[in-house]
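A quick write-up on the structure given underneath.
Per chain, numbering begins at 1; letters A, B, ... match sequence-line order. Keep in mind that the numbers below use all heavy atoms, side chains included, and drop hydrogens, waters and symmetry copies. Computed from a prediction, not measured in an experiment: that's the story for all the values here.
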There are 2 protein chains.
Amino acid sequence: MMDERRKAILRVVVEEYIETAQPVGSTHVARAPHVAVSPATVRNDMVALEQEGYLHQPHTSAGRVPTDKGYRFFVDTLVQPGPLDETELQQVGSFFAKAHGALEEMLHDTSRLLSGLTDYASVVVGEPPEDATVRSVQLVGLGARHVLVVAVLSNGAVTKAHLELADEIGEGRLAAATAHLSRWLIGRPLSDLPPVPPSGDSLVDAADAAAVSALRSAAQRPDPEQVFVGGASRMAAAFDAVDSVRRVLGILEQQYVVVGLLRDVLDRGLSVAIGGEHGVESLLECSVVVAPYEVEGEVAGAIGVLGPTRMHYPKALAAVAMVSQRLGRRLSDDA
Amino acid sequence: MMDERRKAILRVVVEEYIETAQPVGSTHVARAPHVAVSPATVRNDMVALEQEGYLHQPHTSAGRVPTDKGYRFFVDTLVQPGPLDETELQQVGSFFAKAHGALEEMLHDTSRLLSGLTDYASVVVGEPPEDATVRSVQLVGLGARHVLVVAVLSNGAVTKAHLELADEIGEGRLAAATAHLSRWLIGRPLSDLPPVPPSGDSLVDAADAAAVSALRSAAQRPDPEQVFVGGASRMAAAFDAVDSVRRVLGILEQQYVVVGLLRDVLDRGLSVAIGGEHGVESLLECSVVVAPYEVEGEVAGAIGVLGPTRMHYPKALAAVAMVSQRLGRRLSDDA
DNA sequence: TCCGGCACTCGATAGCATCGAGTGCCAGCC
DNA sequence: GGCTGGCACTCGATGCTATCGAGTGCCGGA
């Protein structure tokens, strides 16, 4: 029941609505180049498309608007990531050419790049720390019983945690604790730190045990320094009710929700969640385009774009695909 | 010509407008308890207040709205930070009672606390790194010619920078470079790092020089990990035009603007910038309430609240004053 | 100096007619 | 059988007018 003509009609409705945000009428559709039938025929097909749930009519005598199902069909079978245009390609190219610096900086800038390309909000999350191994670990005294444990991971991330010990510990013993800790932790994945065997000095052991447990719990929660959200102000322009903006902002501020959104689709490659599909109530009016990026063949994180359901999917898909690929390649070079 | 009655009238107009966002008429004002005159008299005074620039009339036959000058007078002479109410005091108390963990975490949570208390956007910036001294410095290899320099500062902050060396460097020499670097940098303020004298090994010297210059430039720019902005979604509710929301969001995303805003008033103690006073064009409709916080007698950073010009000043002032004081005290305890 | 009274202003609201984009349906045509 | 032109109908949007009422400015009297 979805013959070629109906597909063409659905496509025109979706494309038109994305552009104008106005319900699309049969006359407009009939005028489009690839629909060579009269408005009356278009109307008949639109009734069918509405009954099958692809379109929706806000009220009698208004044009049609795509439903989530309509967008879904559009994304799945009517569109493939169109190529980016010249200037955008150049933008991406020059970005990765001059990008440099630490992992965090790179991810942060990538998020800005993505919102710049799409004019929607963007999210970049780095590698879940549990997959990285420890390159270096150090205890630094901050006076009295306060100690900072700093670990450098194989992906270039730095994890730190604050410890408050039961007893004071001097510089010398801190150094001993660092050395002992290093012997047992370096090279181990953060997700699977072994208990550190006793060293014979109870103060040292206490510090090391505290450090290990702090690092372990750091491995659990998503590192806030590896999550980058950008372009919220651009996205605001795509909504016309302050209330919608507020809801979406509220979600973007709750990083764990955003991270969850991205993690959910990590193994599906480039993918799209439309309207209610992602199951976050406040984002009913939103769609998310996500792709993982790979460093040396391993999934190392994900990037995504969040915009209104009527977002410009071809562009968003193209941008996310392109950037995730380039980012992965770039980070592989470095390592 | 600002006698007591006019002050009272101005106060009522400001308070009323803050609450309702509607122009305030003479009748409302006359009904207020501390204004014991008739509406007609109030009107006469309102004309005077308008001529002197404290009030504004959107159009003939509408009520009056405070001007920036009106808010300024209100803030300067009509209001002192009223005490917080019970539940809020409790909120602050329990927050600082159970707050723990690293500096960054604390500042981040403080920002959330502030927006929770005031329902506006909040900003917390940590110590400008140049005032801190180096507690520890370490070079960690990340494979090939990539090295990460990690420095722990006296305030518990961790600065890192990514180096790309001209030549490969092995683990042993990295350790030597770390040791050499430590000898010269530890205890020095980040703002005034000395050049490291030659060690006799050119590779080591190259790494150390690169590290020093990276740290120096890190000292320049505000550390993005020490700037925390929160509650943007709450603030959105206070505006009714999507466009205003967009403008303000745009500013909040540009951290250097926000940081500048706070730094400007650091030495003025608790202070308020109303409407155009802070000189940021996109924030004409906004006010900022800022206070520095002190750790052991030294200014260590600043916190602030950003809301519409018609923000609830007594509450905002009280919250900012209270939180900055408690935060400073809390951080002093730790150190 | 204050206040009551009064004419006036002007945005907001409601009612009403009009317009027009869009629909559904039907009868005729290929 | 499928497509199309024609046609009556729906209903939001637009615009006009009348009305309402909160609020003002001003004046004259207490």
So A:V79 and A:L317, do their side chains get closer than 4.5 Å, heavy atoms only? yes

Have a look at B:T60 and say if it touches a base, only the backbone sugar-phosphate, or nothing, with a 4.0 Å heavy-atom cut-off. sugar-phosphate

Send over the distance from B:Q57 CD to D:dT24 P, rounded to a whole Å. 7 Å

Ignoring hydrogens and geometry beyond distance, is the side chain of B:S61 in donor-acceptor contact with the base of C:dT9 at under 3.5 Å? yes

What's the CE-P distance between B:M46 and D:dT24, to the nearest Å? 5 Å

Can you check whether B:H34 reaches B:R11 side chain to side chain, under 4.5 Å on heavy atoms? no

Interatomic distance where CG belongs to A:N44 and C1' belongs to C:dC25 [whole Å]: 9 Å

To the nearest angstrom, how far is A:E50 atom CD from C:dG22 atom P? 15 Å

Can you say whether the rings of A:Y54 and A:F73 are parallel (under 30°), tilted (30 to 60°) or perpendicular (over 60°)? perpendicular

For a quick test of reading the model: is some side-chain N or O of A:S26 closer than 4.0 Å to OP1 or OP2 of C:dT23? yes

Please give, in whole Å, the distance from D:dC3 C1' to A:D45 CG? 11 Å

Which part of the nucleic acid, if any, lies within contact of B:A40, taking any heavy atom under 4.0 Å across all strands shown: a base, the sugar-phosphate backbone alone, or nothing? base

B:R64 CZ to D:dG23 C1', straight-line distance once rounded to whole Å: 9 Å

Separation of atom NE2 in A:H56 from atom P in C:dG22, rounded to whole Å: 16 Å

With the side chain defined as heavy atoms from C-beta on, B:H59 is closest, among D:dT4, D:dG25, C:dC10, to C:dC10

Would you kindly give the CG-to-P distance between A:L49 and C:dT23, to the nearest whole Å? 12 Å

If you only use heavy atoms from C-beta on, which nucleotide in D:dG25, D:dG23, D:dT4 is closest to the side chain of B:V47? D:dG25

Report the distance from atom CG of A:L49 to atom CZ of A:R64, rounding to the nearest 0.5 Å. 9.0 Å

Look at B:D68 together with B:R72 and state whether they make a salt bridge at an N to O cut-off of under 4.0 Å. no

Ignoring backbone atoms, establish whether B:R43 has a side-chain N or O less than 4.0 Å from OP1 or OP2 of C:dC3. no

Out of D:dC3, D:dG5, C:dG4, which has the shortest distance to the side chain of A:S38? D:dG5

